[in-house]
Q: 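Sharing a structure, written as structure tokens. Questions coming.
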Amino acid sequence: MSWSGIADVERRFDDAVELITGQETANAITELLIVAAGYSASMTPIATSNLLNSQFREVDRTFRGWKGRLGYGAEYARYVHEAKGVLLG
């Protein structure tokens, strides 16, 4: 029995995997983080803008795929996050 087109199927499969695991995924994660950063910034208390200006985002390729991270680098960011009370505004 002879199979035809196997090389084409393998090439297309490799192309699909590269699309899923490649730069397209990194771009999608970056866009998602930008939108999330906007929502987060709208809820961030602004006294001196230090906390707001310390916002960062990272997109890294890992062994298992891609990882995105959004956070605040100011030393007191954790305390603001864990503070009790209701956000006004």
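All values derive from a computational prediction rather than experimental measurement.
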Q: Applying salt bridge (charged side-chain N to carboxylate O under 4.0 Å, His left out), can you list everything that pairs with Arg78, at least two apart in sequence or on another chain?
A: none
Q: Kindly compute the distance separating CG (Asn50) from CD (Glu75), expressed to the nearest 0.5 Å.
A: 9.0 Å
Q: If you look at every heavy atom in Ala74 and Ser54, which pair is closest and at what distance?
A: N-OG, 3.1 Å
Q: Should the heavy atoms of other residues, nucleotides or ligands under 6.0 Å from CD of Glu58 be counted, would the total exceed 12?
A: yes
Q: Which heavy-atom pair separates Arg69 from Leu33 by the least distance, and what is that distance?
A: N-CD1, 3.8 Å
Q: Taking the side chain as everything from C-beta on, heavy atoms only, tell me whether Thr44 gets closer than 4.5 Å to Tyr72.
A: yes
Q: Please report the interatomic distance OG1(Thr30) to CH2(Trp66), rounded to the nearest 0.5 Å.
A: 8.0 Å
Q: Identify whether Leu51 and Tyr79 are in the same connected component of the hydrophobic contact network (ILVMFWY, side-chain heavy atoms under 4.5 Å).
A: yes
Q: Is Asp8 salt-bridged to Arg11, going by a charged N under 4.0 Å from an acidic O?
A: yes
